[in-house]
K.L.:
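Once you've had a glance at the structure underneath, I'll fire off some questions.
What's counted below: heavy atoms across the whole structure, side chains too, no hydrogens, waters or symmetry copies.
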Amino acid sequence: MENKKNVNYLQIELLYLSWGILGIIFSLLFQGSYAVFPAIGLGITSLFLIRKGLKHKDFSPREIKTKRIISVTSLLVWGISCLITYLFIDIFKDGLWFIFSSYFFLVIYSLMYLLIVNKD
C-alpha cells in the first residue's frame with residue numbers, strides 16, 4: 001500500500017477501533033439504551049470522514065485477498081460473539097447482545113487490519 005492510502009485507512013480503522021472499545025465499555029457499564037450512543041457517534045464521524053474525502057481507493061490483488069480474509073474472520077467472530085452473549089450472558093438478554101457483539105466485531109476487525117498494515 002502506498003503511504004497516503006495507509007494514512008487514510010489508519011485513520012478510519014483507528015476510528016472504528018476507538019468507537020468499538022467505547023461501545024463495549026458503554027454496553028458493560030450502562031446496560032441500557034445509552035449503549036447505542038457510540039454507534040451514533042460512529043455514524044456521525046463516518047459521515048464527516050466521507051465528506052473529508054477519506055474513501056476507498058484501488059486495491060492490489062493481495063490487498064483484496066487480505067481484506068477478504070479479515071472480513072470473513074471478523075464476521076465469524078461476530079457470529080460467535082452474538083451466540084455467546086445471547087445464550088450465556090444474562091445482562092445482554094434484552095437486545096443488548098446484538099449491540100455488544102457489533103462493537104466487538106468493530107474492535108476485532110480494526111485490530112486485525114491494523115496488525116496486517118503494520119506488517120507491510
Side-chain angles (χ1 to χ4, degrees):
M1 284 191 237
E2 62 185 52
N3 287 338
K4 185 176 182 198
K5 198 187 320 182
N6 273 350
V7 172
N8 291 344
Y9 286 118
L10 284 176
Q11 289 175 348
I12 292 170
E13 295 305 325
L14 287 174
L15 174 79
Y16 289 163
L17 180 65
S18 60
W19 281 115
I21 291 171
L22 190 62
I24 288 172
I25 292 169
F26 268 55
S27 297
L28 292 173
L29 289 180
F30 298 118
Q31 300 170 5
S33 59
Y34 294 118
V36 299
F37 286 148
I40 295 168
L42 173 65
I44 292 170
T45 53
S46 294
L47 286 176
F48 283 116
L49 285 176
I50 291 169
R51 294 190 62 133
K52 187 178 175 187
L54 295 179
K55 50 189 161 192
H56 298 285
K57 308 241 190 251
D58 294 329
F59 290 109
S60 71
R62 181 178 173 274
E63 291 169 337
I64 291 171
K65 182 179 176 185
T66 302
K67 285 197 67 75
R68 281 187 186 146
I69 291 170
I70 291 172
S71 296
V72 168
T73 305
S74 300
L75 195 58
L76 288 172
V77 168
W78 177 69
I80 292 168
S81 68
C82 278
L83 187 64
I84 289 170
T85 54
Y86 181 73
L87 294 177
F88 300 113
I89 304 175
D90 290 336
I91 61 171
F92 295 125
K93 289 287 188 200
D94 297 331
L96 195 57
W97 62 272
F98 185 78
I99 294 171
F100 179 80
S101 299
S102 298
Y103 291 137
F104 192 69
F105 166 78
L106 275 176
V107 169
I108 294 299
Y109 181 85
S110 298
L111 284 176
M112 288 178 67
Y113 187 82
L114 290 172
L115 289 174
I116 300 263
V117 166
N118 286 335
K119 281 187 176 182
D120 289 343

K.L.:
Counting only N and O atoms by type, is there a donor-acceptor contact under 3.5 Å from the side chain of Ser18 to the main-chain atoms of Leu15?
P.N.:
yes

K.L.:
If we only count heavy atoms from C-beta on, is the Leu14 to Leu114 side-chain gap below 4.5 Å?
P.N.:
yes

K.L.:
If you group Ile, Leu, Val, Met, Phe, Trp and Tyr by side-chain heavy-atom gaps below 4.5 Å, do Val72 and Leu83 land in one group?
P.N.:
no

K.L.:
Taking all non-hydrogen atoms of both residues into account, name the closest pair between Ala39 and Tyr103 and its distance.
P.N.:
N-OH, 3.0 Å

K.L.:
Any idea how Phe104 and Phe100 line up, ring-wise: parallel (<30°), tilted (30 to 60°), or perpendicular (>60°)?
P.N.:
parallel

K.L.:
Would you say Leu17 and Val107 make side-chain contact, with heavy atoms under 4.5 Å?
P.N.:
yes

K.L.:
When you look at OH of Tyr34, are more than 12 heavy atoms from neighbouring residues, nucleotides or ligands closer to it than 6.0 Å?
P.N.:
no

K.L.:
Are the side chain of Tyr16 and the backbone N or O of Leu42 linked by a donor-acceptor pair below 3.5 Å?
P.N.:
no

K.L.:
With a 4.5 Å heavy-atom cut-off, do Trp78 and Ile108 have their side chains touching?
P.N.:
no

K.L.:
Return yes if some donor-acceptor pair links the side-chain N/O of Ser27 with the main-chain N/O of Ala35 below 3.5 Å, else return no.
P.N.:
no

K.L.:
Calculate, to the nearest 0.5 Å, the distance between atoms CG and OG belonging to Leu106 and Ser101 respectively.
P.N.:
11.5 Å

K.L.:
Answer with yes or no whether the hydrophobic clustering places Ile69 together with Ile80; edges join I, L, V, M, F, W, Y residues whose side-chain heavy atoms lie under 4.5 Å apart.
P.N.:
no

K.L.:
Look at the side-chain heavy atoms of Ile, Leu, Val, Met, Phe, Trp and Tyr, link any pair under 4.5 Å apart, and say whether Tyr109 and Leu76 land in one connected group.
P.N.:
no

K.L.:
Just verifying a value: how many Å separate Phe26 CZ and Ile21 CD1, rounded to the nearest 0.5 Å?
P.N.:
13.5 Å

